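When reading the values below, keep in mind they use all heavy atoms of this one structure, side chains included, and skip hydrogens, waters and symmetry mates. Nothing here was measured: the structure is a model prediction, and the numbers come from that model. Counting convention: from 1, in listed order, for ligands and their atoms alike.
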Amino acid sequence: MRQAWRWYGPHDVVSLDDIRQAGATEVVNALHELKPGTVWTKQGVADRKNLIETSPPGRSQLRWTIVESIPVPDDVKRLGKGAKQSIEGWIASLEAVAANDIRTVCYNFMPVVDWTRTDLDHVLPTGATCLRFDADRFAAFDLFILERPGAEHDYDPAARARAEAVYETFTQADIDYLIHVIASALPGSTTDPLTIPAFRERLKAYAEIDAARLRRHLIEFLEAVTPVADALGVKLTLHPDDPPRSLFGLPRIASTAADYRALFEAVPNAANGMCFCTGSLGVRADNDLPAIAEEFAERIHFVHLRATKREGDGLSFHEADHLDGDVDMVAVIGKLLKEERRRGSQLPFRPDHGHRMLDDLGKQAAPGYSAIGRLKGLAELRGVIRTLETLA
Ligand code: DNO
């Protein structure tokens, strides 16, 4: 498998040398500084590519091979093919990427909020910290901070009571923290940062959009972009919802095998692919990850390897060590290596997220994207890959 590493660009506290020292050879990047909907230019992509690929004398070569993500603008999710201009803009960005010889593009179709957590530094028994989703804190935000109309119907009485008890312990600082973590778009998010009033407005705009309609809009988007991607030789990889279930009463349609099956059946173009993210899909106990990897093997063009651990209530989870979450990582990697042998080429993966630990404690790295935790994850994953390859 090809070892890649997500980099947030020139302002990332993790340097290109750190990436080299972790042993990765490919970089996953995006023009993160541009707002969703801004059209990327060929020159803009070329400048970033030069920055990544021009190595100081004596340093090993890094390649920018994967874009994660070209954000899909909000109106595409609400209007599908009706958002003509936004789709044309997305295609122009895709062309700018392909003109720079980057052939893998990741995107997602989560409405209003991208990946969602409630704690960015949950302290583990070792003193390292991890990202966590606490269902009661999330419900407290939804019910009592966002005060979403109708939210009470999404929680049973016991869950509402727990949320209320949690909310009663909150200081203003706790409330501000939760607003920051949930509404202001975590790094890498492809949705707009929102204030509470803007959040309420955005939700209103989705009042009429159920899962069937959102899926139709994604299919219309794919019908427009996949023929172009096919012609450019680019694979588009749809990232799963994180977490893979409805939040804030909004539909999410890339959460299960059935979701992906429907999309591949509707749009069979070769460019219609999947980003296989074990951390996102693995949050659901009813997602059988080795089976999903096997079923969609030929559609997988990018892999995120990370493990989550579900907690007692079945809804809360935290990010575990890469080999020690709920997912059977060895079995998943076994399926991916089988697919590599079938196609005769390697799949790119990145170690996704990592604990904040050792010298990274207290450093300002992007949540989940500190260096040492990912370095540890990559090292463990590389060991599994090497072992399975040797035994194959
Ligand atoms: C977070 C990531 C997301 C992801 C996008 C994909 O760590 O998984 O930022 O990149 O949702 O489009």
Item to complete: Fit a plane to each ring of Tyr177 and His180, take the angle between them on a 0 to 90° scale, and name the class: parallel (under 30°), tilted (30 to 60°) or perpendicular (over 60°).
Response: tilted
Worksheet item: Given the rule that I, L, V, M, F, W and Y join up when any side-chain heavy atoms are under 4.5 Å apart, are Leu238 and Ile66 in one cluster?
Response: no
Worksheet item: Near ligand 1, which protein residues have a heavy atom under 4.0 Å away?
Response: Arg6, Glu68, Ser69, Tyr107, Asn108, Met110, Asp114, Trp115, Gly188, His239, His353, Tyr369
Item to complete: Could you list the residues that satisfy salt bridge (Lys or Arg N to Asp or Glu O under 4.0 Å) with Glu164, not counting sequence neighbours?
Response: none
Worksheet item: Any donor and acceptor pair, going by atom type alone, linking the side chain of Asp328 with main-chain N or O of Ala331 inside 3.5 Å?
Response: yes
Worksheet item: Would you say the side-chain atoms of Arg137 pair up with the backbone N or O of Leu178, donor to acceptor, closer than 3.5 Å?
Response: no
Discussion item. Can you classify the ring geometry of Trp90 versus Phe221 as parallel (below 30°), tilted (30 to 60°) or perpendicular (above 60°)?
Written reply: perpendicular
